[in-house]
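Accompanying notes for the structure given below.
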Amino acid sequence: MLIHIVINSTFINVQLYNLYRFMDKLFENYCLKKHNTFGIDVNTKYYYEFSSTEEIVFFLRENPVSNIKKLILGAGSNIVFTKDFDGIVIRPRDRGVQIVEETKETILLKVGAGEVWDNFVNYCCKRNYGGAENLSLIPGMVGATPVQNIGAYGVEAKDIIEEVEAVNIDTQEIEKFNNEDCKFEYRNSIFKKELKGKYIVTYVTYKLSKTPILNINYGKVKDELKNCINIDVNSVREAIINIRNRKLPDPEKIGNAGSFFKNPIIDNNRTQELKIDFSDIVSYKVSETKDKIAAGWLIEQCGLKGKNFGKVGTYKDQALVIVNYGDATGNDIFNLAKDIQQTVYDKFGIIIDMEVNIV
Ligand code: EPU
């Protein structure tokens, strides 16, 4: 159920005097190189940052660039810009964690969309709140977690999201979405489908457990923890940080956006057919009729793991990750991604969709 709250107009008027302050945060012809983890050197026509819901509501009502296209950007950890952006990039900077409700067993924490996701995971682990630890070290900001339904090591954001607060760009109303409203799926949500580009997430409320039940069934996590005696959320976080640091490139050192493709979901009859020719294919059952196939495995079998194609390539330890060796353009990356898709399709007859947003 959606709850609509209209911001009190008197309040908005009180904010009018802040016009100049808001406008200070509006930039023209702004470089996005530092705002995308691929490090692609492109400009946006306009760039705006906001630090509170009131600011963004006010900006949307008053802003002089209301008719141009808008792109909401968090840490830019899941995006490829193929050219300059001829619109306005809007970036949340509202941070901080508020306790909404606490019982003996659970705690509800409301977090600003501009908070760095891993800082929040760290906050939870330090206090022994369970639920977010498997999502340690995922790059990006809190606001992206419901949009993308980030996931890793057997846990997805949907498992802990209680509520999402977002501003409707057209009406400037603040709306609340409960977990069901978000229509979460594997790396997908209502915000990437029917509501794509229509809302700006301002807060996410997560429900954490004060008596954590750890999820350490994922093979690599179990292995990493095999010598650990007292396993708690902090040891799980540490194990996951170790695994990720070994397997995934640090975007500070080498441009990348994590998994570039989604793991495809196919009919299990098809998996059985593929097993005839490829007996070691990596698949996981997702329902009675469907299997998820490891796209990294498919790409590696095509001989494309750790391959260098000039300015771009695939990462040596994880074929699912495309890397920028230096000054690649978005098109260099996009073209390699299309070639990989085609090669995988030619060998296996499976389409691997891009997880990363192409702009
Ligand atoms: N594999 C290969 N070759 C590769 C990569 C993977 O054979 O180059 C095989 C592995 O041996 C393993 C299987 O594929 O048997 C799965 O590999 P892994 O555990 O590395 O996970 P993934 O399915 O490749 C997903 C997420 C990651 C997340 C990990 C861990 C997607 C698209 N990716 O990768 O998420 O960290 O699981 O849970 O679902 C991200 O979204 O940016 C991301 C890194």
Side-chain angles (χ1 to χ4, degrees), residues 36-38 74-80 117-118 121 132-141 144-159 184-189 192 215-225 236-237 239-251 254-266 271 274 278-286 291-307 313-323 333 337 340-341 343-344 347-348 350-357:
N36 71 98
T37 58
F38 263 120
S77 54
N78 205 43
I79 199 160
V80 176
W117 168 252
D118 195 55
V121 179
E133 59 280 1
N134 288 38
L135 305 177
S136 289
L137 216 62
I138 294 184
M141 287 174 173
T145 61
V147 179
Q148 181 67 6
N149 185 21
I150 60 168
Y153 310 104
V155 173
E156 290 182 313
K158 75 168 172 57
D159 302 331
F184 289 122
E185 290 171 12
Y186 168 60
R187 292 295 196 280
N188 219 338
S189 74
K192 273 182 92 176
N215 183 337
I216 52 170
N217 292 327
Y218 204 90
K220 284 178 200 153
V221 179
K222 214 186 263 174
D223 289 350
E224 191 72 24
L225 287 164
V236 174
R237 171 166 167 77
I240 281 163
I241 288 175
N242 290 340
I243 299 169
R244 289 187 76 95
N245 280 338
R246 276 200 304 270
K247 292 278 287 188
L248 297 165
D250 177 355
I254 181 162
N256 76 91
S259 299
F260 201 96
F261 302 95
K262 290 190 210 175
N263 288 325
I265 292 169
I266 64 170
T271 318
L274 284 162
F278 308 100
S279 58
D280 55 347
I281 190 166
V282 181
S283 66
Y284 316 89
K285 182 177 172 176
V286 290
D291 287 334
K292 192 189 270 184
I293 308 292
W297 184 90
L298 296 172
I299 298 169
E300 182 171 352
Q301 297 308 304
C302 294
L304 293 174
K305 182 173 180 171
K307 277 268 179 178
T314 49
Y315 193 56
K316 61 181 173 43
D317 298 319
Q318 167 56 291
L320 209 47
V321 177
I322 292 184
V323 290
I333 294 164
I340 293 172
Q341 274 180 325
T343 310
V344 167
K347 188 171 170 84
F348 297 100
I350 295 177
I351 296 169
I352 50 169
D353 287 329
M354 297 185 199
E355 187 199 317
V356 168
N357 299 307

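Starting from 1, each residue takes its place in the sequence as its number. Read the numbers this way: they start at 1 and go in the same order the structure lists the ligands and their atoms. Keep in mind it's a predicted model, so treat the numbers as computed, not measured.
Looking only at heavy atoms of the protein, atom 30 (C) of ligand 1 is closest to Y153 CE2, 3.4 Å. Annotation: atom 36 (O) of ligand 1 to nearest protein heavy atom, R244 NH1, 3.3 Å. Counting protein heavy atoms only, atom 23 (O) of ligand 1 is closest to N263 ND2, 2.8 Å. Among all non-hydrogen protein atoms, the one lying nearest atom 17 (O) of ligand 1 is K220 NZ, 3.8 Å. Annotation: atom 24 (O) of ligand 1 to nearest protein heavy atom, Q318 NE2, 3.0 Å. The nearest heavy-atom contact from the protein to atom 3 (N) of ligand 1 is E300 OE1, 2.6 Å. Scanning the protein heavy atoms around atom 21 (O) of ligand 1, the nearest turns out to be Y218 OH, 3.5 Å. With respect to atom 44 (C) of ligand 1, the closest heavy atom belonging to the protein is S259 OG, 3.3 Å.
The side-chain heavy atoms of E224 and Y218, taken from C-beta on, include no pair separated by under 4.5 Å. Using a 4.5 Å heavy-atom cutoff, the side chains of K192 and V147 are in contact. In this structure the side chain of I352 reaches within 4.5 angstrom of the side chain of I299, judged on heavy atoms. Residues N78 and E355 are in side-chain contact: their nearest non-hydrogen atoms beyond the backbone lie under 4.5 Å apart. Between D317 and R246 there is no side-chain heavy-atom pair separated by less than 4.5 Å. By the 4.5 Å heavy-atom criterion applied to side chains, I340 and F260 are not counted as neighbours. I240 has its side chain out of reach of E133: every pair of non-hydrogen atoms, C-beta onward, lies at least 4.5 Å apart.
Note: no N/O pair closer than 3.5 Å links K262 and ligand 1 by distance alone.
Proximity to A294 (heavy-atom distance under 4.0 Å) selects the following atoms of ligand 1: 13 (C), 14 (O). For ligand 1, the atoms lying closer than 4.0 Å to a non-hydrogen atom of E355 are 32 (C), 41 (O). Here is the list of ligand 1 atoms found below 4.0 Å of a heavy atom in A319: 4 (C), 8 (O). Taking every non-hydrogen atom of F261 and a distance limit under 4.0 Å, the qualifying atoms of ligand 1 come out as 32 (C). Within ligand 1, the atoms closer than 4.0 Å to a non-hydrogen atom of G258 are 42 (O), numbered from 1 in the order shown.
In this structure, R187 counts as a contact residue of ligand 1, since one of its heavy atoms falls inside 4.0 Å of the ligand. Residue contacts with ligand 1 include Y284, since one of its heavy atoms falls under 4.0 Å from the ligand. Within the 4.0 Å heavy-atom cutoff, Y186 counts among the residues contacting ligand 1.
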Derivation of the side chain to side chain donor-acceptor pair (under 3.5 Å) call for T271 and D291: CA-CA 7 Å; T271 318; D291 287 334; 2.7 Å; yes

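For atom 11 (O) of ligand 1, the nearest protein heavy atom lies 4.0 Å or farther away.
Of all heavy-atom pairs between R187 and E156, the closest is N-OE2, 4.2 Å. Residues S136 and R244 approach most closely at O-CD, 3.3 Å, considering heavy atoms.
Using cut-offs of 30° and 60° on the angle between ring planes, the pair W297 and F348 is tilted.
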